[in-house]
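Data first, discussion second: the structure below is written as structure tokens.
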Amino acid sequence: MKFTLMVVGKTATGYLKQGIDEYVKRLSHYITFDIVHLSDAKNTKKLTESQQKQAEGITILQKLESSDYVVLLDEHGKEYTSMNFSAYIQKRMASGSRRVVFIVGGPYGFSEDVYARANDMLSLSKMTFSHEMIRLIFTEQLYRACTILNHEPYHHE
């Protein structure tokens, strides 16, 4: 099984990229994980929010395989504690899916087509974070879930 974090745009902020890279490296001891960077929509100043979501949605859907289990990181998704998230990851690992794809959308969220394709939605907080910060928070939480599942002392409860 493979886990993928699909994101729109690059991580430009150095300290966030450094943190993400650190957790990606740590995750390699537990799972197959990668980050797929999708190109930002072009000429966004000429696009409405809806048009931008549509353009990004087309790009997202083109990168998905029919067998992917798709989880949107979305403010309206279900919230988990770290312990519950580790159980969620364990359930996904046992499901037989070839690839679980977590997706961070663009600045205005997802198109209706992407919502329709999703199998699940997950919220990392009721608070709002930048899309770059979500990448770091997610990779850390995935790492934490792996250490919980392996009964390692990283997580304290």
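Owing to the predicted nature of the structure, the values given are computational and were not obtained by experimental measurement.
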Pairwise distance NZ(K2) to CD1(I31) - rounded to 0.5 angstrom:
11.0 Å

With rounding to the nearest 0.5 angstrom, report the CG to CG distance, L61 to D113.
6.0 Å

Is the NZ or CZ atom of K78 positioned over Y80's six-membered ring, under 6.0 angstrom from the centre and within 45° of the axis?
yes

OG1-NE2 distance between T147 and H151, expressed to the nearest 0.5 angstrom:
11.0 Å

Determine whether V101 and L64 make a side-chain contact, defined as any pair of heavy atoms from C-beta on separated by less than 4.5 Å.
yes

When you compare the side chain of V71 with that of Y88, does any pair of heavy atoms fall below 4.5 Å?
yes

Would you mind writing out the side-chain donor-acceptor pairs for residues 131-140 within the sub-3.5 Å range, not counting sequence neighbours?
{"unit_1": "H131", "atom_1": "NE2", "unit_2": "G105", "atom_2": "O", "d": "3.1"}
{"unit_1": "H131", "atom_1": "NE2", "unit_2": "G106", "atom_2": "O", "d": "2.7"}
{"unit_1": "E132", "atom_1": "OE1", "unit_2": "T13", "atom_2": "N", "d": "3.4"}
{"unit_1": "E132", "atom_1": "OE1", "unit_2": "T13", "atom_2": "OG1", "d": "2.5"}
{"unit_1": "E132", "atom_1": "OE2", "unit_2": "A12", "atom_2": "N", "d": "2.7"}
{"unit_1": "R135", "atom_1": "NE", "unit_2": "H131", "atom_2": "O", "d": "3.4"}
{"unit_1": "R135", "atom_1": "NH1", "unit_2": "G9", "atom_2": "O", "d": "3.3"}
{"unit_1": "R135", "atom_1": "NH1", "unit_2": "K10", "atom_2": "O", "d": "3.2"}
{"unit_1": "R135", "atom_1": "NH1", "unit_2": "T11", "atom_2": "OG1", "d": "2.9"}
{"unit_1": "R135", "atom_1": "NH2", "unit_2": "V8", "atom_2": "O", "d": "2.8"}
{"unit_1": "R135", "atom_1": "NH2", "unit_2": "G9", "atom_2": "O", "d": "3.4"}
{"unit_1": "T139", "atom_1": "OG1", "unit_2": "R135", "atom_2": "O", "d": "3.1"}
{"unit_1": "T139", "atom_1": "OG1", "unit_2": "L136", "atom_2": "O", "d": "3.0"}
{"unit_1": "E140", "atom_1": "OE2", "unit_2": "R144", "atom_2": "NE", "d": "3.1"}
{"unit_1": "E140", "atom_1": "OE2", "unit_2": "R144", "atom_2": "NH2", "d": "2.9"}
{"unit_1": "E140", "atom_1": "OE2", "unit_2": "Y154", "atom_2": "OH", "d": "2.8"}

Are E22 and Q18 linked by a side-chain donor-acceptor pair shorter than 3.5 Å?
no

Of all residues at least two apart in sequence or in a different chain, which pass the side chain to side chain contact (heavy atoms under 4.5 Å, CB included) check with Q51?
L47, T48

Ring centres under 6.0 Å, that's the criterion: do F3 and F33 meet it?
no

So which atom in V70 and which in R117 form the shortest heavy-atom distance, rounded to 0.1 Å?
CG2-NH1, 3.4 Å

Taking C-beta and beyond as the side chain, do F129 and M127 meet within less than 4.5 Å on heavy atoms?
yes

In terms of hydrophobic clustering (I, L, V, M, F, W, Y; side-chain heavy atoms under 4.5 Å; direct or indirect links), are V36 and L27 co-clustered?
no

Checking side chain to side chain contact (heavy atoms under 4.5 Å, CB included) for the pair I35/T4: CA distance, chi angles, key distance, verdict?
CA-CA 6 Å; I35 299 178; T4 296; over 6 Å; no

Close side-chain approach of V7 to L5, heavy-atom, < 4.5 Å
yes

Straight-line distance of D34 CG to H37 NE2, nearest 0.5 Å:
10.0 Å

I need the full list of side chain to side chain donor-acceptor pair (under 3.5 Å) pairs touching residues 99-108, with sequence neighbours left out, sorted by first then second residue.
D68-R99

Counting C-beta onward and ignoring hydrogens, is there a side-chain heavy-atom pair between H155 and M83 closer than 4.5 Å?
yes

Are Y69 and M1 side-chain neighbours, meaning at least one heavy-atom pair lies under 4.5 Å?
no

Out of curiosity, does I60 fall in the hydrophobic cluster containing V100 (side-chain heavy atoms, cut-off under 4.5 Å, transitive links)?
no

Has the side chain of S95 got a donor or acceptor atom that lies under 3.5 Å from a matching backbone atom of S97?
yes

Show your working on side chain to side chain contact (heavy atoms under 4.5 Å, CB included) between Y30 and E152 and close with a plain yes or no.
CA-CA 12 Å; Y30 303 100; E152 295 176 1; 2.3 Å; yes

Below 4.5 Å, heavy atoms only, C-beta onward: do M6 and V104 meet side chain to side chain?
no

Pair N84, T81: side-chain N/O donor-acceptor within cut-off below 3.5 Å:
yes

Got a salt bridge between K25 and D21, using NZ or NE/NH1/NH2 to carboxylate O under 4.0 Å?
no

Do I148 and F85 touch side chain to side chain, with heavy atoms closer than 4.5 Å?
no

Partners passing side chain to side chain contact (heavy atoms under 4.5 Å, CB included) against H156 (at least two apart in sequence or in another chain)
none

Using the side chain to side chain donor-acceptor pair (under 3.5 Å) rule, collect all pairs that involve residues 58-67, keeping only residues at least two apart or in two chains.
E65-R98

Minimal heavy-atom distance between G57 and S111, with the atoms involved, is CA-OG, 3.7 Å

Among residues at least two apart in sequence or on other chains, which ones pass side chain to side chain contact (heavy atoms under 4.5 Å, CB included) with Q90?
L149

L142 vs I89, test: side chain to side chain contact (heavy atoms under 4.5 Å, CB included). Steps then yes/no.
CA-CA 8 Å; L142 186 56; I89 293 300; 3.7 Å; yes

Distance-minimising heavy-atom pair for I103 and F110
O-CZ, 3.4 Å

What do the steps show when you test S123 against D74 for side chain to side chain contact (heavy atoms under 4.5 Å, CB included), and what is the final call?
CA-CA 5 Å; S123 173; D74 184 270; over 6 Å; no

Any donor-acceptor N or O pair under 3.5 Å, side chains Q141, S82
yes

